[in-house]
Amino acid sequence: MGSREIKSLQEVNETPVLGRLDEHSESFQRKKLGMFFIESDDRRTAFGRGYTGGTTPVNIRGKPIVDLSKTGGWIAAFFIFGNEMAERMAYFGLSVNMVAFMFYVMHMPFTSSSDAVNNFLGISQASSVLGGFLADAYLGRYWTIAIFTTIYLGGLVGITLCATISTFVPNQAKCDQLSLLLGRCEPAKSWQMTYLYTVLYLTGFGAAGIRPCVSSFGADQFDEKSKDYKSHLDRFFNFFYLSVTVGAIIAFTAVVYIQIQHGWGAAFGSLAIAMGFSNVVFFLGTPLYRHRLPGGSPLTRVAQVLVAAYRKRNASFSNSEFVGLYEVPGKQSAIKGSGKILHTDDFRCLDKAALQLKEDGGNPSPWKLCTVTQVEEVKILLKLIPIPACTIMLNLVLTEYLTLSVQQAYTMNTHIGRLKLPVTCMPVFPGLSIFLILSLYYSVFVPLSRRITGHPHGASQLQRVGIGLAISILSVAWAGAFERYRRNFAVRSGYEASFLSPMPNLSAYWLLIQYCLIGIAEVFCIVGLLEFLYEEAPDAMKSIGSAYAALAGGLGCFAASLLNSIIKSVTGSTNGRNPSWLSQNINTGRFDYFYWLLTVMSIINFCIFLYSAHRYKYRKDHEVGEGIMENGMHDKM
């Protein structure tokens with residue numbers, strides 16, 4: 001077969017009805033780019049050998065699944081939930097315990113320990129793009145999870161050995177609390193810190209491979225052709241985040257209890273055991289899983305579009321050499337695991353990558369001529385960026401809460417009756433609020449919001465993200481108001497210098513208001529974002545899309561460390577006479593000013609989100625052929 005033409009610009013100009021196109025400007029012609037597609041069987045693909053086209057699910061051997069009823073669905077998803085629960089348990093277990101471990105055992109200053117853990121968390125999340133790339137390009141989501149979850153387990157075992165064997169830590173003799181505060185304890189040797197950082201970042205590397213794939217792999221288990229697909233996907237992401245929350249609650253309670261009662265080795269060992277057990281559960285579910293074939297390197301496809309568009313930057317759509325916009329024939333695209341994507345008018349400069357000229361010939365290089373679907377992939381990735389970028393601020397607030405709220409709790413009474421709750425357990429309350437909200441989401445929130453919005457799921461994905469960002473503003477505003485009250489109470493009660501002594505007449509449970517508000521914000525924002533990215537990302541880039549959320553989390557951690565450094569340098573004097581807002585002595589610092597600064601930043605970020613969400617157009621999942629027919633164009637053999 002030679003070349004199958006939907007419509008070319010030349011023929012349009014020769015058609016009497018549309019002959020007036022010559023009288024119009026080039027801008028008018030560019031608005032009609034979606035009408036001009038050339039389909040050719042002579043295209044040399046650069047994406048591998050034969051494949052099952054579109055988004056057809058396959059088994060672990062890459063063969064089409066004959067009977068879908070025997071695979072996938074909620075049963076397969078629950079095997080995946082277990083892996084995510086253990087990963088989140090380890091993640092939060094490390095985040096809440098590693099700062100204290102570095103301070104009390106490795107004898108690092110508290111601020112240095114906090115910054116080191118923030119950097120670890122940031123790198124771990126930001127590098128999730130690597131895991132998403134490997135999954136979409138070469139390994140597939142299943143094998144990426146399988147490999148990196150094993151690496152994660154190896155890192156946890158290494159951390160357990162560090163906490164168990166005395167050789168890996170500095171001498172603990174003659175190191176009481178006063179010596180720790182004054183920095184007089186024996187510091188860790190360079191090789192000891194090297195070992196700790198190596199195994200710590202090994203776990204971060206493992207998490208980077210798991211995080212962008214688990215939610216996408218779980219969503220892959222549901223049939224896109226089912227009439228209940230949207231409903232199943234909506235419920236899946238809520239249950240997925242519920243498993244994340246359960247893992248966090250266990251980390252903030254059971255793991256903290258184990259550490260207090262049995263030591264650091266037992267605490268970190270429990271994380272390793274949980275991860276090992278979840279690995280076994282994940283592999284047991286292998287026969288049930290549905291897979292999507294990797295579509296080849298997404299970075300290569302993006303680079304090809306940019307290079308091809310640059311090469312033809314001077315070409316004009318009104319040029320007599322213009323043949324049409326290039327696409328391969330049939331319903332399937334040239335990209336493995338992806339259906340065709342309808343042409344859009346966004347980022348029209350990139351359309352020149354698909355601009356076919358007579359000089360391109362019948363066998364063009366993909367670095368000179370790309371398909372419309374390939375160009376639209378790049379457009380989608382660019383259009384998605386503003387939405388997860390607006391969640392960086394929420395992740396910054398969450399990162400600050402992990403340390404600032406704990407410092408606040410140290411100065412307050414944490415008793416519930418006769419029971420004294422450890423300060424390190426305080427972050428469990430956002431988890432409990434998340435658990436409660438997710439449990440009541442479908443029975444309370446959806447019916448109420450459906451009456452207001454008319455949306456079948458109560459609120460659209462972007463509306464849920466916006467609700468989360470709005471509630472986060474309330475959380476930090478309350479935190480600033482309460483911190484002002486707490487600081488004034490400490491000064492009036494004579495605790496200004498005793499920042500490690502709890503004030504018996506001020507309950508730490510006033511912090512629950514800001515904790516619960518930020519938990520509710522996290523539910524709406526992160527769950528809505530994950531579902532949004534999965535549905536809007538290109539078929540062959542689902543893991544990359546999910547990695548956007550993790551990348552936003554990582555950038556939030558980095559932004560928190562950067563903001564802390566700026567505040568300390570700007571608000572504190574070099575001679576130490578005027579303490580910074582973030583002074584180690586919270587009673588002489590001004591955490592309230594810092595919280596209000598976060599409030600102002602959150603309001604500005606929310607306004608930017610409203611603008612970005614208003615401009616965003618949800619992706620329409622139509623095949624190119626259907627889109628052409630809707631525009632009244634007909635195939636011509």
Side-chain angles (χ1 to χ4, degrees), residues 83-102 112-135 141 144-145 147-160 162 193-216 241 243-244 247-248 251-252 255 268 271-272 274-275 278-279 388 391-392 394-403 427 522 526 529-530 533 543-544 546-562 564:
N83 184 266
E84 178 62 12
M85 187 185 302
E87 191 275 322
R88 293 287 88 183
M89 174 182 167
Y91 175 84
F92 287 110
L94 289 176
S95 66
V96 74
N97 285 296
M98 188 53 65
V99 174
F101 179 77
M102 288 183 170
S112 299
S113 302
S114 178
D115 288 341
V117 172
N118 280 348
N119 290 334
F120 155 71
L121 298 177
I123 293 174
S124 171
Q125 295 191 72
S127 57
S128 296
V129 175
L130 173 62
F133 166 76
L134 291 175
R141 290 186 261 280
T144 303
I145 296 172
I147 293 170
F148 281 88
T149 196
T150 305
I151 294 174
Y152 203 137
L153 177 59
L156 290 174
V157 171
I159 293 174
T160 303
C162 180
M193 291 307 303
T194 300
Y195 173 80
L196 177 60
Y197 281 130
T198 299
V199 294
L200 185 62
Y201 279 94
L202 192 63
T203 64
F205 182 64
I210 299 172
R211 190 174 293 114
C213 299
V214 176
S215 61
S216 298
Y241 213 72
S243 68
V244 171
F252 292 137
V255 177
F268 293 134
L271 300 179
M275 179 58 71
S278 77
N279 287 3
T391 65
I392 293 175
L394 174 65
N395 286 288
L396 186 154
V397 172
L398 289 170
T399 303
E400 297 290 5
Y401 272 23
L402 282 176
T403 53
E522 192 175 355
I526 304 302
L529 179 65
L530 287 173
L533 291 174
S543 298
I544 292 287
S546 298
Y548 272 12
L551 179 61
L555 293 177
C557 292
F558 289 133
S561 296
L562 178 62
N564 291 349

Within a strict 4.5 Å, meaning less than it, do heavy atoms of the [X] and [Y] side chains meet?
X    : Y    : result
L134 : F148 : yes
L202 : I151 : yes
L529 : P388 : yes
S128 : L551 : no
L196 : M102 : yes
T160 : V199 : no
N564 : E400 : yes
Y195 : C162 : yes

Residue pair [X] / [Y]: nearest heavy atoms and the distance that separates them:
X    : Y    : value
A116 : Y201 : O-OH, 4.4 Å
A559 : L396 : CB-CD1, 3.5 Å
F120 : L200 : CE1-O, 3.0 Å
R211 : S124 : NH1-O, 3.3 Å
V255 : A251 : CB-O, 3.3 Å
T399 : A560 : CG2-CB, 3.8 Å

(request) Go through F205 and L130 one step at a time and tell me if the side chain to side chain contact (heavy atoms under 4.5 Å, CB included) criterion holds. (result) CA-CA 9 Å; F205 182 64; L130 173 62; 3.8 Å; yes
(request) Start with the C-alpha gap between N97 and L271, add the side-chain angles, then the distance that decides, and say whether side chain to side chain contact (heavy atoms under 4.5 Å, CB included) holds. (result) CA-CA 11 Å; N97 285 296; L271 300 179; 5.8 Å; no
(request) Assess R88 against Y241: is NZ or CZ under 6.0 Å from the centre of the six-membered ring, and within 45 degrees of the ring's axis? (result) no
Flag, side chain of [X] to backbone of [Y], donor-acceptor distance under 3.5 Å:
X    : Y    : answer
Y152 : G209 : no
T198 : T194 : yes
S216 : C213 : no

(message) Working to the nearest 0.5 angstrom, can you tell me the gap between C557 SG and N119 CG?
(response) 9.0 Å
(message) Quick check for you: to the nearest 0.5 Å, what is the distance between Q125 atom CD and N395 atom CG?
(response) 6.5 Å
(request) Kindly indicate, with the supporting measurements, whether the criterion side chain to side chain contact (heavy atoms under 4.5 Å, CB included) is fulfilled by S278 and E87. (result) CA-CA 9 Å; S278 77; E87 191 275 322; over 6 Å; no
(request) Quickly, which of L156, L94, V157 forms a side-chain contact (heavy atoms from CB on, under 4.5 Å) with F268? Name it, please. (result)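 The side-chain contact (heavy atoms from CB on, under 4.5 Å) with F268 is passed solely by L94 among L156, L94, V157.
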(message) For T149, run the side-chain contact (heavy atoms from CB on, under 4.5 Å) check against N279, T144, V214 and tell me which one passes.
(response)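 The residue from N279, T144, V214 that satisfies side-chain contact (heavy atoms from CB on, under 4.5 Å) with T149 turns out to be N279.
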(request) Check the pair L121, V117 against side chain to side chain contact (heavy atoms under 4.5 Å, CB included), reporting the backbone distance first and the verdict last. (result) CA-CA 6 Å; L121 298 177; V117 172; 4.1 Å; yes
(request) Give a yes or no on whether F558 atom CZ has more than 12 heavy-atom contacts from other residues, nucleotides or ligands under 6.0 Å away. (result) yes
